[in-house]
Amino acid sequence: MNSKNEGIEMKPIIGQDRQEISQYDITKAAHPGICFFHIFFKFCAFFSYLFLGLIISSTLFQYILIMIFHAFDFYTVKNITGKFLVGLRWYSDFTPKGDEVWRFECFDKCKRSKIDSSVFWTFQFGASCAWAFFVFTNVLSFEFVDIIFAGIGASLSWINLWGFYKCSKDQQRKMKGVQSYLTKKGLQMAVQS
Amino acid sequence: MEFEVQENQANNSIQGVINLQPQVNQVQAQQQEIPIKQTDLQVSSTLEESVAVTLLRDLRQIGVKLRCVLVPTMSTNNARELRNWDLWGPLVFCLMLALTLSMSGNNDDGPGIFATIFVLIWVGSFVVTLNAQLLGGKVSFFQSVCVLGYCVFPINLGALFTLFFSFFYLKMLLVIGCFMWSTYSAVGFLKLLIPEQKRILALYPVILFYLFLSWFALIV
């Protein structure tokens, strides 16, 4: 019994350390491939913005590659990564009258883990802040062409971040709504019985 | 009981709707919240689909819109298709046009032309759309940018073909043909959404926009 107790006491402490270290361990995530692509396109965009000039001499192809990576990153995060890693989706739809409506949806069916959502939010927020920083430095140093590409990256990242933030706020609000409704019902039933 | 029913069903998604009305005089969109309602079956099915299905669906929508633009009949079906805007088509055509024009023979400022065309198309679409909205058109911002972007495709074709010919007047004829094609498609969609008296005022910038792009395609 003693050794068992010791084992049980020691486990939480070791588990805590491991948990903090492995919060970004993609191999243990529920969707490792999708986590990889989430990071991959962002990394490609940053790499091509910063270092592609050293590899390819034609600035034209640098520009094209940067734009392609920005577009791929935005599409991947909006349609694929958000759906699988955090179960949220935002898009615009049309009412029968023809008005445009923005929909923010949350989806609980998909198998997800904490690692998925921490990877998603960290890298999205980090990339957005990094692009904003690049825009700022380019504005200060008057490099107009770089402002365009960093600006596009920053605006696409922040748009995605805003969309998913609204989704998650909606989701939290709805969860609170469901909880309060259920507790009210529970209390009512307890009072009646 | 409503929440119990929602939990029992196979699909657990919950949806809230925020309404954004594009009114010209407001800086921020008005937001009204409609209470929670259950998603319908069609929407929930798109949440469960795989990556490949998502990609194919989006590509097919781009193809459908492209066909609507290239064959500019004034049917309501076309108009409805074009209302489901997406900005991927315009991005692809913009990149293609910028690439074609900056790679053609008689210039040595390729990157400059690329950046110029890119900025021109997006800022131009933005300005033309803003103009149409300020004149009282009931046109949503993204829909209009989407249509203007898709209608750049004929100019794209024209620019590609002018790479192969060197006789100037032939190139001019080709580019003029593509310009009229683009303008006819764009005007056909946009004129339905603008009040009668201000139609010419709203459509003149569209014509100017495509004229400038075609001239660029011809000269470069």
Side-chain angles (χ1 to χ4, degrees), chain A residues 31 33-34 37 58-65 67-68 70-72 74-76 78-81 83-84 87-95 98-110 144-146 148-149 152 156 166-167 169-171 173-175 177-182 185, chain B residues 1-4 6-7 10-22 29 31 33-36 39 43-44 46-51 54-55 57-58 79-80 83-88 91-92 94-96 98-99 102-103 109-115 118-119 122 138 140-143:
Chain A
H31 302 277
I34 297 185
F37 275 107
S58 150
T59 41
L60 184 64
F61 284 110
Q62 287 171 40
Y63 293 167
I64 294 174
L65 276 179
M67 286 312 309
I68 289 178
H70 280 327
F72 279 7
F74 181 75
Y75 181 83
T76 311
K78 181 168 183 294
N79 290 316
I80 299 175
T81 313
K83 198 167 64 178
F84 287 107
L88 303 169
R89 203 164 88 110
W90 61 278
Y91 61 101
S92 83
D93 202 358
F94 293 96
T95 57
D99 291 331
E100 191 170 3
V101 145
W102 290 94
R103 295 197 193 274
F104 301 92
E105 294 176 352
C106 59
F107 177 55
D108 296 320
K109 216 46 164 76
C110 209
F144 293 115
V145 176
D146 283 347
I148 295 177
F149 293 110
I152 290 172
L156 292 179
K166 283 195 102 71
C167 286
K169 224 173 41 160
D170 270 355
Q171 181 185 30
R173 197 172 38 85
K174 278 164 225 153
M175 285 303 138
V178 172
Q179 267 177 16
S180 62
Y181 178 82
L182 288 175
K185 273 282 175 188
Chain B
M1 292 307 125
E2 205 186 297
F3 289 102
E4 283 182 24
Q6 274 188 352
E7 281 172 22
N11 162 36
N12 261 347
S13 53
I14 307 170
Q15 170 189 346
V17 169
I18 297 182
N19 216 342
L20 285 177
Q21 293 170 350
Q31 284 186 354
E33 283 186 14
I34 302 176
I36 299 164
T39 57
V43 174
S44 62
T46 63
L47 283 171
E48 292 176 7
E49 65 189 11
S50 68
V51 174
T54 310
L55 280 172
R57 184 169 50 88
D58 285 331
R80 209 178 318 128
R83 271 191 319 169
N84 300 338
W85 59 269
D86 76 270
L87 291 181
W88 303 109
L91 177 72
V92 166
C94 173
L95 281 181
M96 248 168 46
L99 183 63
S102 46
M103 288 216 308
D109 187 26
I113 294 186
F114 180 87
F118 196 82
V119 168
W122 290 106
K138 287 191 292 10
S140 146
F141 178 77
F142 287 113
Q143 279 173 16

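Naming: A, B, ... by sequence-line order, numbering from 1 per chain.
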Min side-chain heavy-atom separation B:D86-B:F142 under 4.5 Å: no

Proximity breakdown for B:V92 and chain A, heavy-atom pairs closer than 4.5 Å: neither

Flag side-chain contact, heavy atom, 4.5 Å: B:W122 against A:I152: no

Toward chain B, the part of A:S92 with a non-hydrogen atom under 4.5 Å: side chain

Proximal component of B:L55, with respect to chain A [non-hydrogen, under 4.5 Å]: both

Heavy-atom side-chain proximity of A:M67 to B:F118 below 4.5 angstrom: yes

Pick from A:Y63, A:F74, A:F149, A:F61 with the largest number of heavy-atom pairs that fall under 4.5 Å of chain B: A:Y63

Min side-chain heavy-atom separation B:L99-A:L60 under 4.5 Å: yes

Leading residue by heavy atom contact count with chain B [cutoff under 4.5 Å; candidates A:T76, A:V145, A:I64]: A:I64

Geometric class of the B:W88/A:Y75 ring pair [parallel <30°, tilted 30-60°, perpendicular >60°]: perpendicular

